[in-house]
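Down below is the structure, laid out as structure tokens.
In this text the structure is predicted, and so the values were computed from the model without any measurement.
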Amino acid sequence: MNWKLITLVLVLLGFSALSAYSMVQVGYLGIWKAGMANPGALQILADVVIVCCLAIAWMVRDARHRGVAVWPYVLITLTAGSFGPLLYLIRREWVTRDASRPVPQYG
């Protein structure tokens with residue numbers, strides 16, 4: 001594994017733990033309600049929505065260039081935020097890693 005893949009997996013694991021804790025404490029709708037609780041929280045929520053939209057635009061363009069299906073990652077981003085781009089980047093790095101390995105020659 002390369003350092004990019006390790007870093008992405010560690011970020012995904014940490015974010016998953018935080019998200020699971022948040023879901024247990026307040027639930028899915030509670031997370032959205034907290035994002036609208038005051039102007040400061042609303043600003044953070046708007047920032048996250050903007051960044052997720054930018055990530056979707058980048059994923060769609062990158063996936064077209066690479067010839068891969070992007071809709072699962074877009075759907076995950078729309079429903080679960082950063083999980084979509086993180087999973088897309090992990091898949092992208094994994095495929096790139098496999099493509100750079102030499103193919104053994106027999107014969």
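Between Met59 and Asp62 there is no side-chain heavy-atom pair separated by less than 4.5 Å. Looking at Thr77 and Phe83, their side chains never come closer than 4.5 Å, going by heavy atoms from C-beta outward. The shortest side-chain heavy-atom distance between Leu89 and Lys4 does not fall under the 4.5 Å cut-off. In this structure, the side chains of Pro85 and Trp58 stay at 4.5 Å or more apart for every pair of heavy atoms. Between Arg91 and Leu87 the shortest side-chain heavy-atom distance does not fall below 4.5 Å. Side-chain contact between Phe15 and Ser82: present, with at least one pair of heavy atoms (C-beta onward) separated by less than 4.5 Å.
Rounding to the nearest 0.5 angstrom, the gap separating the CG atom in Asn2 from the CG atom in Leu8 is 8.5 Å. A distance of 12.0 Å separates OH of Tyr73 from CG of Leu86, quoted to the nearest 0.5 Å. Distance check: Leu18 CG to Leu13 CG gives 12.5 Å after rounding to the nearest 0.5 Å. Interatomic distance, CG of Leu5 versus OG1 of Thr96, reported as 10.0 Å (0.5 Å rounding).
Leu54 and Val48 are assigned to two separate hydrophobic clusters, defined by single-linkage of ILVMFWY side chains at heavy-atom distances under 4.5 Å.
Scanning both residues, Asn38 and Ala41, for their nearest heavy atoms gives OD1-N, 2.8 Å.
Through chains of ILVMFWY side-chain contacts below 4.5 Å, Leu42 is grouped with Met23, Val26, Tyr28, Leu29, Ile31, Trp32, Met36, Leu45, Val49.
Shown here is Arg61, whose CZ atom has no more than 12 heavy atoms of other residues, nucleotides or ligands within 6.0 Å.
Applying the side-chain contact (heavy atoms from CB on, under 4.5 Å) rule to Ala63 yields the partners Val68, Val70, Tyr88; only residues at least two apart in sequence or on another chain are considered.
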